[in-house]
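Step one of this worksheet: look at the structure below.
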Amino acid sequence: MNENPYSTAVLAWYEANARDLPWRRPDAGPWSVLVSEIMLQQTPVVRVLPAWEAWLRRWPTPADLAAEPSGEAVRMWNRLGYPRRALNLHACARAIVSRHGGRVPDSHADLLALPGVGPYTAAAVASFAFGQRHAILDTNVRRVLARAVTGIEYPPKAQTKAEVRLAESLLPAAPPVAARWGVAVMELGALVCTARSPRCVDCPIIDRCAWHQAGRPAHDGPPRRGQTYAGTDRQVRGRLLAVLRDSPGPVPKSALDAVWDEPVQRERALDALVADGLVDPLEDGRYALPG
DNA sequence: CAATCGTGGCA
DNA sequence: TTGCCAAGATT
């Protein structure tokens, strides 16, 4: 058994404590898993749950979504945030139909080639939907490994090759076990080994945690990034797109101008939305979600 | 490589 | 009230 020092305890903990998330159920197919993974990028589970249900009820297969204009995906995305993910998912659906016969591909390379699918998401779909053996390295896993193995409170801001190597070195040998290990560590990070106020008393590997054994030393080095939002282009983009989402059809430019008084920033944000394909400027001067 | 890209909840 | 954080990807 090529397991790691944590796997037995973490896997047992997962069996007893895993949340019953719909995309983890046995009847959740690869498309359901892919949709969940895109939605979960930088977005909390509680906010994804209703969006995922509605999305899959409307578009049960990639072909269903591929048949729609991309603007419908953007509208359906509602306020999940990072709306280019809606565009990515729509482009995924069309690529899956055109390149893979309508079925979500099972190879990591093919998944990675889909729009909006990076190293984490490709590994997650290959592992969770197809039971393959891939290192899962998301923000939860990075934090758990930083603490348990490296003995520091937080991982570095940018993911390092050392972290990838570490995650790979811990992979159980059997693919189904490796896949279970991946979700299990993620779940541990999400429920117990949290960013703030970790619940070490409930941790199954507290006796093997380097950070805990060192007395839980505080993070040293520069404070982590200030992700300011108010007054940024992102806020302006959000307001502009909200107007289009909440309108059944095209809107006059005056409706967009009303959401932000600084004209230079407003135009810059609108131009960026058009460049991103999230907004369609019509011939008559009005604006709409993309067809 | 570091900046950019939404939104909402919570300590 | 406000800073921090949430299953990252792209350029």
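Bear in mind that the values here come from a model prediction, so they are computed numbers and not experimental data. Lettering of chains follows the sequences in order, A, B, ..., and the numbering in each one begins at 1.
Nearest to the side-chain atoms of R19(A) among the listed nucleotides dA6(C), dC5(B), dA7(C) stands dA7(C). For P83(A), the side-chain atoms get nearest to dG6(B) when compared with the rest of dA7(C), dG6(B), dA6(C). Minimum atom distance to the side chain of Q41(A) is reached by dA9(C), of the listed dA6(C), dA7(C), dA9(C). The side chain of R24(A) sits closest to dA7(C) out of dG6(B), dC5(B), dA7(C). Of the candidate nucleotides dA7(C), dG6(B), dT7(B), dA7(C) has the atom nearest to the side chain of M186(A). Comparing atom distances between the R245(A) side chain and each of dA7(C), dG6(B), dT7(B) picks out dT7(B) as nearest. Nearest nucleotide to the T139(A) side chain, out of dG6(B), dA7(C), dT7(B): dA7(C). Distance from the side chain of Y154(A) is smallest for dC5(C) among the nucleotides dC5(C), dG8(C), dT7(B).
Residue L21(A) is in base contact, counting any heavy-atom pair closer than 4.0 Å across all strands shown. Backbone-only engagement by G118(A) is indicated by non-hydrogen atom pairs under 4.0 Å involving sugar-phosphate atoms exclusively. As judged by a 4.0 angstrom heavy-atom cut-off over every strand, S197(A) is placed among residues making no nucleic acid contact. Within 4.0 Å (heavy atoms only), A124(A) reaches no atom of the nucleic acid at all. Using a 4.0 Å heavy-atom distance criterion, V183(A) is classed as making no nucleic acid contact. L80(A) comes within 4.0 angstrom of a nucleotide base, judged by non-hydrogen atoms across all strands. Among the atoms of the strands shown, none is found under 4.0 Å from any heavy atom of W77(A).
Comparing E37(A) and G116(A), the nucleotide of DNA chain C nearest to each residue sits closer to the 5' end for E37(A). Summary of the strand contacts: S36(A) and R196(A) both lie near DNA chain C, and taking for each the nucleotide with the nearest heavy atom, the more 5' one is attributed to R196(A).
When every heavy atom of A146(A) is checked against every heavy atom of Y154(A), the shortest pair comes out as CB-C, 4.1 Å. Across every non-hydrogen atom of W211(A) and C200(A), the tightest pair is CZ3-SG, 4.5 Å. Of all the heavy atoms in W52(A) and V35(A), the pair that sits closest is CD1-CG1, 3.8 Å.
The existence of a salt bridge linking D257(A) and R266(A) is confirmed by a sub-4.0 Å separation between a basic side-chain nitrogen and an acidic carboxylate oxygen. Taking the charged nitrogens against the carboxylate oxygens, E267(A) and K253(A) do have a contact shorter than 4.0 Å, which makes a salt bridge. Between E72(A) and R75(A) there is a salt bridge, since at least one side-chain N of the basic residue sits less than 4.0 Å from a carboxylate O of the acidic one.
Here T121(A) reaches the OP1 or OP2 of dA9(C): one of its side-chain N or O atoms lies under 4.0 Å away. Put simply, R234(A) has no side-chain N or O that comes within less than 4.0 Å of OP1 or OP2 on dT7(B). Listed pair R143(A) / dA6(C) meets the phosphate criterion, a side-chain N or O lying under 4.0 Å from OP1 or OP2. Taking only side-chain nitrogens and oxygens, Q42(A) never comes nearer than 4.0 Å to OP1 or OP2 of dA6(C).
The OH-P distance, from Y82(A) to dA9(C), rounds to 13 Å in whole Å.
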